[in-house]
Peer 1: 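Here's a structure for you.
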Amino acid sequence: MKVTFPHLGNVYIGVKALLDGLGIEYIIPPFTSKRALEIGSLHSPEEICLPFKINIGNYIQSIEQGADTIIITGSCGPCRFGEYCELQINLLKRLGYDLNFVVIDTPGDIGTKEFLNRIGSISGKSNRNKYQKFKALFDSIKVLNLIDEIEEIAHELAGYEKAKGESRSLLKQCKSEVMKCTCPNEMIEMLKAYRLKMKNIERDSTKNPVKVAIIGEIYTIIEPFSNLYIEDKLMEYGVASKRRLTPSWWVKNTVLSPLGINSMDIKRASKDYLSLCVGGHARECIGEAVLSYEEGFDGAIQIFPMGCMPEIVAKSILPTISRDKDFPIMTLVVDEMTGEAGYVTRIEAFIDLLERRKEYVLLRR
Ligand code: SF4
């Protein structure tokens with residue numbers, strides 16, 4: 001069995017830790033690129049959302065390298081994500097690929113027995129004992145938490161660092177070095193060392209950078225290719241940014257949701273504008289917009305793929321939040337036709353606006 005999975009931000013680092021710990025062979029798809037999107041767009045239904053197309057590109061590039069088993073997370077709706085696995089299984093079958101699909105749904109949706117069956121179909125291929133298997137799982141969660149934390153610190157530091165670009169290059173180095181590790185323990189130790197290095201980057205206390213929150217559809221904001229590397233661009237501009245939704249947030253949220261104690265801050269913040277789940281992460285998007293205002297951010301950028309139903313609902317609510325709180329929010333819609341020049345111009349214009357507002361507020365004090 002050679003396992004593969006679609007890219008989603010730092011997930012590949014956590015999955016490497018898990019599969020190394022289980023001793024299962026795997027293939028990490030090449031980082032998402034124009035090529036992956038072209039392959040995905042060629043074979044996918046034209047009107048399906050961007051993440052589906054990129055997933056297909058990731059799978060096919062991994063299959064070309066010998067992968068025969070695909071692991072994905074599932075959902076029972078209510079947006080198109082609920083149809084992803086069925087559609088993807090049929091699409092790849094039609095293309096002539098003979099594959100195993102392991103769809104990890106929550107026990108609440110598929111029942112505990114079926115959930116354990118599906119987990120067993122992967123862990124059963126490992127020759128490790130029970131203790132080692134549990135350890136591999138916990139280590140991979142630790143790795144995911146660490147890399148997400150390091151990334152969060154770097155995004156914030158980009159606005160405050162004394163030597164411009166230091167946090168960005170340290171983050172890049174960290175991600176590349178950790179992939180050279182051969183076991184989860186080594187990954188954890190290395191990530192802890194990088195976390196310390198990142199925290200020790202010298203800050204310029206005189207800086208008062210623009211602070212921006214990145215909100216929107218979970219896949220598009222986490223997977224850098226699909227948002228045209230917006231966080232890298234913000235780091236280059238010296239903007240301090242924050243994205244609450246990360247792969248480690250997703251794990252925590254999924255584990256706590258059966259108990260109803262997941263993302264309490266987001267639920268509280270979204271209550272006045274969108275108190276129900278309408279699919280995807282629209283409620284999170286609304287809650288995060290309010291939270292970023294409360295936390296003193298200067299503005300927020302919502303990103304979602306063309307045709308994303310939940311985010312269209314969120315987009316229609318955001319102007320009300322913006323008006324009520326006097327809080328600038330810009331929406332960027334992406335698809336395979338998005339041109340980088342126009343996209344960058346909009347980001348730069350928005351940052352410019354936030355800088356001027358900030359200066360104006362300081363002058364009036
Ligand atoms: S949240 Fe939006 S982009 Fe993601 S699967 Fe659902 S409809 Fe598609």
Side-chain angles (χ1 to χ4, degrees), residues 148-171 197-216 221 224 227-246 265-266 268-273 284-304 314-315 317-333 340-365:
D148 281 345
E149 186 188 346
I150 294 167
E151 193 165 62
E152 184 179 344
I153 302 170
H155 289 158
E156 198 240 336
L157 254 177
Y160 298 91
E161 63 197 353
K162 227 174 197 164
K164 195 168 184 294
E166 198 178 349
S167 56
R168 191 164 164 240
S169 69
L170 190 63
L171 178 64
K197 277 191 205 169
M198 193 65 86
K199 282 184 176 169
N200 285 339
I201 284 183
E202 210 179 338
R203 288 175 179 246
D204 180 345
S205 56
T206 61
K207 283 191 176 175
N208 182 18
V210 164
K211 292 195 281 174
V212 172
I214 302 292
I215 60 176
I221 59 171
N227 59 46
L228 283 77
Y229 304 92
I230 190 167
E231 286 168 327
D232 280 356
K233 291 184 171 65
L234 294 176
M235 287 176 100
E236 260 175 51
Y237 302 152
V239 170
S241 68
K242 179 172 174 170
R243 164 172 48 85
R244 207 173 278 264
L245 302 196
T246 59
D265 53 347
I266 291 179
R268 195 253 327 135
S270 64
K271 203 170 68 210
D272 292 342
Y273 296 96
E284 282 76 2
C285 174
I286 296 300
E288 289 173 273
V290 174
L291 282 174
S292 47
Y293 162 75
E294 290 173 355
E295 288 169 7
F297 280 77
D298 298 299
I301 300 179
Q302 181 205 22
I303 310 173
F304 67 87
K315 182 182 184 293
I317 299 169
L318 291 175
T320 310
I321 299 176
S322 185
R323 215 173 24 246
D324 288 356
K325 318 264 182 214
D326 187 23
F327 182 62
I329 304 174
M330 177 176 72
T331 294
L332 296 170
V333 182
E340 183 151 11
Y343 185 82
V344 170
T345 306
R346 290 198 63 199
I347 298 169
E348 287 178 351
F350 186 64
I351 301 302
D352 207 30
L353 168 106
L354 299 184
E355 273 168 0
R356 281 159 196 257
R357 269 176 63 102
K358 216 174 163 86
E359 277 166 24
Y360 178 70
V361 172
L362 286 174
L363 279 176
R364 287 191 56 187
R365 271 190 197 156

Peer 1: Just verifying a value: how many Å separate Leu171 CG and Asp232 CG, rounded to the nearest 0.5 Å?
Peer 2: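 Going from the CG atom of Leu171 to the CG atom of Asp232 covers 8.0 Å.
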Peer 1: Check Leu291 against Ala269 and note the closest heavy-atom contact, atom names and distance.
Peer 2: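 In terms of heavy atoms, the two residues are closest at CG-CB, 3.7 Å.
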Peer 1: Do Leu362 and Asn208 make a side-chain contact, defined as non-hydrogen atoms from C-beta onward lying under 4.5 Å apart?
Peer 2: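 Sidechains of Asn208 and Leu362: in contact.
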Peer 1: Would you check if Gln302 and Leu318 make a side-chain contact, meaning some heavy-atom pair closer than 4.5 Å?
Peer 2: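 Gln302 vs Leu318: side chains touch.
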Peer 1: Starting at NE2 of His155, measure out to CE of Met235 and round the result to the nearest 0.5 Å.
Peer 2: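 Answer rounded to 0.5 Å: 5.0 Å.
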Peer 1: I need the Lys164 NZ to Asp204 CG distance, nearest 0.5 Å.
Peer 2: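 The CG atom of Asp204 is 13.0 Å from NZ of Lys164, to the nearest 0.5 Å.
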Peer 1: Would you mind reporting whether Ile321 and Tyr293 have side-chain heavy atoms less than 4.5 Å apart?
Peer 2: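 No; the side chains remain at least 4.5 Å from each other.
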Peer 1: Checking Glu166 side chain against Leu170 main chain: does a donor-acceptor pair fall under 3.5 Å?
Peer 2: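 Absent.
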Peer 1: Can you tell whether the side chains of Glu156 and Arg203 come within less than 4.0 Å, N to carboxylate O?
Peer 2: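 Salt bridge between Glu156 and Arg203, a charged N being under 4.0 Å from a carboxylate O: yes.
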Peer 1: Tell me whether the count of non-hydrogen atoms from other residues, nucleotides or ligands lying under 6.0 Å of CD in Glu294 goes above 12.
Peer 2: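 More than 12 within 6.0 Å, yes.
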Peer 1: Measure the spacing between CD of Glu340 and OH of Tyr229 and express it to the nearest 0.5 Å.
Peer 2: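 Atom-to-atom, Glu340:CD and Tyr229:OH are 9.5 Å apart.
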Peer 1: Has the side chain of Lys199 got a donor or acceptor atom that lies under 3.5 Å from a matching backbone atom of Ile150?
Peer 2: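 Absent.
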Peer 1: Short question: side chain of Ser241, backbone of Ala213 - any donor-acceptor pair under 3.5 Å?
Peer 2: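 Between the backbone of Ala213 and the side chain of Ser241 there is no qualifying donor-acceptor contact (under 3.5 Å).
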Peer 1: Heavy atoms, side chains only, cut-off 4.5 Å: are Arg364 and Tyr360 in contact?
Peer 2: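 Yes. Closest side-chain heavy atoms under 4.5 Å.
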Peer 1: One pair to check against side chain to side chain contact (heavy atoms under 4.5 Å, CB included): Arg244 and Ile266. What are the steps and the verdict?
Peer 2: CA-CA 10 Å; Arg244 207 173 278 264; Ile266 291 179; 3.9 Å; yes
Peer 1: Which pair of non-hydrogen atoms, one from Pro209 and one from Ala240, has the smallest distance, and what is that distance?
Peer 2: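 Nearest pair, atom of Pro209 first, then Ala240: CG-CB, 4.3 Å.
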Peer 1: Below 4.0 angstrom, N of the basic side chain to O of the carboxylate: do Arg243 and Glu151 qualify?
Peer 2: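 Looking at Glu151 together with Arg243, the answer is yes, because their closest N to O distance falls below 4.0 Å.
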Peer 1: Within the distance-only criterion (no hydrogens, no angle test), does the side chain of Lys233 pair as donor or acceptor with the backbone N or O of Leu228 below 3.5 angstrom?
Peer 2: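 Such a contact is found between Lys233 side chain and Leu228 backbone.
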Peer 1: Are the side chains of Glu295 and Lys211 in touch, meaning some heavy atoms are under 4.5 Å apart?
Peer 2: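 Answer no - side chains too far apart.
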Peer 1: Looking only at heavy atoms, which two atoms of Tyr237 and Ile347 are closest? And how far apart?
Peer 2: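 Of all heavy-atom pairs spanning Tyr237 and Ile347, the closest is CE1-CG2, 4.1 Å.
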Peer 1: With no hydrogens and no angle check, is any side-chain donor or acceptor of Arg357 less than 3.5 Å from a backbone partner on Phe327?
Peer 2: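 A pair under 3.5 Å: no.
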Peer 1: Output yes when a side-chain donor or acceptor of Glu288 lies under 3.5 Å from a complementary backbone atom of Ile215, and no otherwise.
Peer 2: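 Absent.
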Peer 1: Do Leu354 and Val239 make a side-chain contact, defined as non-hydrogen atoms from C-beta onward lying under 4.5 Å apart?
Peer 2: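 Not touching, per the 4.5 Å side-chain cut-off.
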Peer 1: From Asp265 CG over to Ser270 OG, what is the distance, rounded to the nearest 0.5 angstrom?
Peer 2: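 So the CG of Asp265 and the OG of Ser270 are separated by 9.5 Å.
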Peer 1: Strictly distance-based, threshold 3.5 Å: is any side-chain N or O of Lys207 a donor or acceptor partner for the main-chain N or O of Gly159?
Peer 2: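 No; judged by distance alone, with no hydrogens or angles, the pair does not exist.
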Peer 1: May I ask you to test the Tyr343-Asn227 pair for a side-chain heavy-atom distance under 4.5 Å?
Peer 2: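 SC-SC contact between Tyr343 and Asn227 confirmed.
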Peer 1: Within the structure provided, determine whether Tyr273 and Asp324 are in side-chain contact (heavy-atom separation under 4.5 Å).
Peer 2: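 Yes - at least one pair of side-chain heavy atoms lies under 4.5 Å apart.
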Peer 1: Walk me through whether Phe304 and Thr331 qualify under side chain to side chain contact (heavy atoms under 4.5 Å, CB included).
Peer 2: CA-CA 8 Å; Phe304 67 87; Thr331 294; 3.4 Å; yes
Peer 1: Which atom pair, heavy atoms only, marks the closest approach of Ser167 to Met198?
Peer 2: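 Taking Ser167 first and Met198 second, the nearest heavy atoms are O-CE, 3.7 Å.
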Peer 1: How far does CG of Asp272 sit from CD1 of Ile286, to the nearest 0.5 angstrom?
Peer 2: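 Rounded to the nearest 0.5 Å, the CG-CD1 separation comes to 11.5 Å.
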